[in-house]
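See structure below.
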Amino acid sequence: LPTVQVGSSGYLGITGGTVTLVCTIISSNPSANSVIWEKDVNGFPTDVTTKPVVTVDQTSYEVIEGSSVTLIGMHDRLGLSDNIRDVGLASSCLRLHYNAQFGQNVILACNVTSATTLTNVVWRKYSNGVPNNLVVTGSSHYSGGTTFTPSLTILTLTFSDSGNYDCSATNVAGTTTSSQMTLNVIGTVPCVNIPQTSYSVTYGGTVTLGCVVNSNPFQNRVEWQRIANRVSTTLNVTTEPRYSGGSINTPSLTITGAVSGDAGVYVCSATNDAGKGVSGQTVLSVQGSEYRKWFRNGVKSHRFMGIFFLIIRYLVIFFKYLMPFVFSSFFFRAHHDVFT
């Protein structure tokens, strides 16, 4: 067996200072292939070379034969001599808080430092304080989270992705876990409002039914429904030339050339990646009829009025000039037939 000797039975150090624990291998045949340092914790020896650590000041080491280990103060940078090989494992998250939009992608960064090959990386999500391993391999919702790419990418965020996460990494020295990071998914279903409870338009006229949408993330669909006789119909604003608006950029609906069939109850709805929001109802009434429209404006009105006045004019001429002649001619002829 190897013969090992420490340099002193006791060392005196100053908090924040530097201390060197000397270890000498006096003899070994065959040559020693590893050295383990143990720390007595409450009477129990603890192997500092296999215990995984998270912070750099607790990193473990392997001591090469004939060398010494230099431990620097807890708040100082870790320094290693040429004869010391870092076999410990450090895992930490680069950010503790993430805010990301619903439907977007986010990368939860995990920084793993290891001088030896990583054998495993595991991501966990906490539910009611209980960690659950995420199944990353073969998932369409996650990518990364591997020994080559420890950071986790979450694709197309949903509200269920909000919560606390941590990252664990394993090498030959053991497993260490990062501190928890918090992901907050931002976004709500659209808030949709029609500013008036009722609208009125004259037959053949134009009316705009207002619709106000507040949406984060931005809406990707806007629809209008008309309810008549308890039957709801979705309006096709793209194919009906009398309609305009009703789109994601212009949610309000404009109706031109209003007819009696446009009367009814209307509802506006908007959809984003978080869901669908629906407004309250508004009532549209159409006043008048097609015949009254003719007398008001438009080509039909001018034609109708022109024909109407033309008929009146000919009737006046007939009764004023032709009717007396026809009547007198008829009377003379009847009188002549009587006397002959």
Side-chain angles (χ1 to χ4, degrees), residues 46-62 78 85-191 215-221 270-277:
T46 301
D47 188 347
V48 298
T49 64
T50 60
K51 181 180 179 181
V53 292
V54 176
T55 55
V56 72
D57 52 80
Q58 295 177 353
T59 303
S60 56
Y61 311 95
E62 180 181 16
L78 176 65
R85 180 163 57 92
D86 182 2
V87 297
L89 180 64
S91 173
S92 63
C93 54
L94 301 182
R95 290 173 56 186
L96 296 179
H97 298 280
Y98 292 82
N99 292 320
Q101 292 287 340
F102 187 102
Q104 301 301 310
N105 301 338
V106 67
I107 298 176
L108 305 183
C110 178
N111 183 32
V112 179
T113 301
S114 176
T116 58
T117 303
L118 290 178
T119 59
N120 195 26
V121 169
V122 175
W123 276 88
R124 303 186 301 178
K125 182 177 184 293
Y126 287 76
S127 177
N128 297 322
V130 179
N132 298 285
N133 289 357
L134 297 179
V135 180
V136 178
T137 303
S139 172
S140 60
H141 192 52
Y142 303 111
S143 66
T146 66
T147 55
F148 296 100
T149 309
S151 296
L152 178 68
T153 299
I154 305 178
L155 307 172
T156 315
L157 286 169
T158 64
F159 289 122
S160 62
D161 291 317
S162 294
N164 292 338
Y165 295 77
D166 65 27
C167 170
S168 298
T170 303
N171 69 2
V172 293
T175 300
T176 188
T177 303
S178 71
S179 56
Q180 293 186 28
M181 62 197 81
T182 301
L183 171 62
N184 181 32
V185 180
I186 302 172
T188 58
V189 298
C191 177
S215 178
N216 181 20
F218 192 72
Q219 63 269 16
N220 52 38
R221 185 180 182 89
T271 304
N272 65 7
D273 292 332
K276 183 177 182 179

### Query
From L152 CG over to C167 SG, what is the distance, rounded to the nearest 0.5 angstrom?
8.5 Å
### Query
Can you find a heavy atom in the side chain of V106 that is under 4.5 Å from one in the side chain of D161?
no
### Task
Nearest 0.5 Å please: distance from the NE2 atom of H97 over to the CD atom of Q180.
11.0 Å
### Task
Starting at CD1 of I186, measure out to OG of S162 and round the result to the nearest 0.5 Å.
9.0 Å
### Message
To check you understand the geometry: which heavy-atom pair defines the closest contact between S151 and C110, and what is its length?
### Response
OG-N, 3.0 Å
## Note on the structure
The reported gap from CD in Q101 to CG in N272 (rounded to nearest 0.5 angstrom) is 10.0 Å
## Note on the structure
ring pair (Phe, Tyr, Trp, His ring centres under 6.0 Å) pairs touching residues 149-180, sequence neighbours excluded, are F102-F159
### Task
Check for a donor-acceptor pair, side chain of T182 on one end and backbone N or O of N164 on the other, with a separation under 3.5 Å.
no
### Message
Quick one, V136 and V121 - any side-chain contact, counting heavy atoms below 4.5 Å?
### Response
no
### Query
For L155 and S140, which heavy atoms make the closest approach, and how far apart are they?
CD1-O, 3.6 Å
#### Entry: Heavy-atom pair with the smallest gap, counting every atom of P217 and G187
CD-CA, 4.1 Å
### Task
Determine the minimum heavy-atom distance between Q219 and A270, stating which atoms define it.
CB-CB, 4.3 Å
### Message
For L134, is the CG atom crowded, meaning more than 12 foreign heavy atoms sit under 6.0 Å from it?
### Response
yes
### Query
Under a 4.5 Å cut-off applied to non-hydrogen side-chain atoms, are Y142 and L108 in contact?
no
### Task
Output the distance between atom OG (S178) and atom CG (L96), rounded to the nearest 0.5 Å.
9.0 Å
#### Entry: Residue of the set T176, T175, N120 for which side chain to side chain donor-acceptor pair (under 3.5 Å) holds with T170
T175
### Task
Please lay out, stage by stage, how S127 and N132 fare under the test side chain to side chain donor-acceptor pair (under 3.5 Å).
CA-CA 7 Å; S127 177; N132 298 285; 4.7 Å; no
### Query
With no hydrogens and no angle check, is any side-chain donor or acceptor of W123 less than 3.5 Å from a backbone partner on T146?
no
### Query
Would you say the side-chain atoms of N171 and T119 include a donor-acceptor pair closer than 3.5 Å?
no
### Message
Nearest 0.5 angstrom please: T177 OG1 to D166 CG, how far?
### Response
5.5 Å
### Task
Evaluate the side-chain proximity of N105 to L157: yes if any heavy-atom separation is below 4.5 Å, no if none is.
no
## Note on the structure
Those residues at least two apart in sequence (or on a different chain) that pass salt bridge (charged side-chain N to carboxylate O under 4.0 Å, His left out) with D273 are none
### Query
Is there side-chain contact between V189 and K276, with at least one heavy-atom pair below 4.5 Å?
no
